[in-house]
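I have placed the structure first, in the form of structure tokens, so that the comments after it can refer back to it.
Counting begins at 1 with the first residue of the sequence.
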Amino acid sequence: MNVTISKGRLWTGRILSWVTILFMLFDGVFKLIKPAPVIEGTVTLGYAEHHIMVIGILGLIPTILYAIPRTSVLGALLLTAYFGGVVATHIRMDAPLFTHTLFPIYLAVLTWGGIWLRDDKVRKLLPFIQA
């Protein structure tokens, strides 16, 4: 059974997904390049400088999987796990709630919202109850 998705829903889903993808690519690549502000920010969060590249790779792998339509759900699951670690780090550092601690939650909502809008199988798996 093939369900037709409206162009508006499809493009909204694509845009939400690409916001997450572009942000995570930017973040991961800068962790691999390691400019001074990235090093300083990561060390401030309590990680050693030699962890930066590993963190960048752990962010890039699920992002790439998410960008590939066949593996997007697996990528979303792995990104959600990654975002959970970011939330835990910010809670441990007592970072501001809405700007730092909840930011990965905002990205997770964009991530899953993008797939939900684009993929009928995900909508069936995570249905919203209609009155």
Side-chain angles (χ1 to χ4, degrees):
M1 180 168 125
N2 193 2
V3 176
T4 304
I5 300 172
S6 73
K7 282 188 178 186
R9 176 181 271 182
L10 179 64
W11 277 102
T12 302
R14 287 177 178 168
I15 290 167
L16 291 177
S17 294
W18 278 100
V19 167
T20 300
I21 292 166
L22 291 174
F23 178 84
M24 290 302 297
L25 287 175
F26 180 82
D27 183 66
V29 167
F30 270 82
K31 282 184 173 51
L32 297 180
I33 296 171
K34 296 197 309 188
V38 171
I39 294 170
E40 181 183 326
T42 306
V43 169
T44 300
L45 291 173
Y47 295 100
E49 185 176 341
H50 67 274
H51 293 137
I52 297 172
M53 187 171 291
V54 173
I55 294 169
I57 292 168
L58 290 175
L60 285 172
I61 290 171
T63 301
I64 293 166
L65 290 171
Y66 180 66
I68 300 168
R70 269 195 125 132
T71 59
S72 62
V73 173
L74 174 61
L77 286 169
L78 294 173
L79 279 171
T80 303
Y82 182 86
F83 296 150
V86 177
V87 169
T89 296
H90 284 293
I91 287 173
R92 184 177 56 79
M93 297 302 298
D94 204 22
L97 179 65
F98 293 104
T99 57
H100 292 69
T101 305
L102 293 180
F103 185 75
I105 303 297
Y106 306 149
L107 284 177
V109 169
L110 291 177
T111 301
W112 284 103
I115 289 181
W116 191 88
L117 289 169
R118 292 182 288 121
D119 191 329
D120 185 54
K121 293 175 190 171
V122 174
R123 277 194 304 283
K124 287 179 182 176
L125 182 65
L126 303 169
F128 286 110
I129 299 172
Q130 295 179 351

Only pairs at least two apart or in different chains count here, so list each side-chain hydrogen bond (donor to acceptor under 3.5 Å, both in side chains) that has a residue in [range].
| range | value |
| --- | --- |
| residues 27-38 | D27-K31 |
| residues 56-80 | S17-Y66, T80-W112 |
| residues 44-56 | Y47-T89 |

- Residues forming a side-chain hydrogen bond (donor to acceptor under 3.5 Å, both in side chains) with Y106, sequence neighbours excluded: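 For Y106 there are no side-chain hydrogen bond (donor to acceptor under 3.5 Å, both in side chains) partners, ignoring immediate neighbours.
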
- Would you please name every residue forming a salt bridge (charged side-chain N to carboxylate O under 4.0 Å, His left out) with D119, sequence neighbours left out?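 So D119 forms no salt bridge (charged side-chain N to carboxylate O under 4.0 Å, His left out) with any residue.
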
Is it possible for you to say whether [X] and [Y] belong to one hydrophobic cluster, with membership spreading through side-chain heavy-atom contacts below 4.5 Å?
| X | Y | answer |
| --- | --- | --- |
| V43 | M53 | no |
| F83 | V73 | yes |
| L117 | L125 | yes |
| V38 | V54 | no |
| W18 | L78 | yes |

- Message: Quick one, L65 with L79, criterion side-chain contact (heavy atoms from CB on, under 4.5 Å). Give me CA distance, side-chain angles, the key distance, then yes/no.
- Response: CA-CA 9 Å; L65 290 171; L79 279 171; over 6 Å; no

Nearest 0.5 angstrom please: [X] [atom1] to [Y] [atom2], how far?
| X | Y | atom1 | atom2 | value |
| --- | --- | --- | --- | --- |
| L97 | F103 | CG | CZ | 14.0 Å |
| T111 | L77 | OG1 | CG | 11.0 Å |
| I33 | I39 | CD1 | CD1 | 11.5 Å |
| L32 | I57 | CG | CD1 | 6.0 Å |
| L16 | I21 | CG | CD1 | 11.0 Å |

- Item | Worked check of side-chain contact (heavy atoms from CB on, under 4.5 Å) between L60 and M24 | CA-CA 7 Å; L60 285 172; M24 290 302 297; over 6 Å; no

- Task: State whether the side chain of R118 and the backbone N or O of L10 hold a donor-acceptor pair below 3.5 Å, judged by distance alone.
- Result: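 Such a contact is absent between R118 side chain and L10 backbone.
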
- Message: Under a 3.5 Å distance rule, please check whether R92 uses its side chain to pair with a backbone N or O of L45 as donor and acceptor.
- Response: yes

- Would L110 and F23 count as a side-chain contact (heavy atoms from CB on, under 4.5 Å) if you check the C-alpha gap in whole Å, the side-chain angles of each, and the deciding distance to 0.1 Å? CA-CA 11 Å; L110 291 177; F23 178 84; over 6 Å; no

- Item | Shared-cluster residues of I68, by chain and number - hydrophobic side chains joined below 4.5 Å | I64

- Where V87 and T101 come nearest, the two heavy atoms and their spacing: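 Minimum heavy-atom separation between V87 and T101: CG2-O, 3.5 Å.
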
- Item | Minimum heavy-atom distance between L126 and W116, given as atom pair plus value |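 Of all heavy-atom pairs spanning L126 and W116, the closest is O-NE1, 2.8 Å.
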
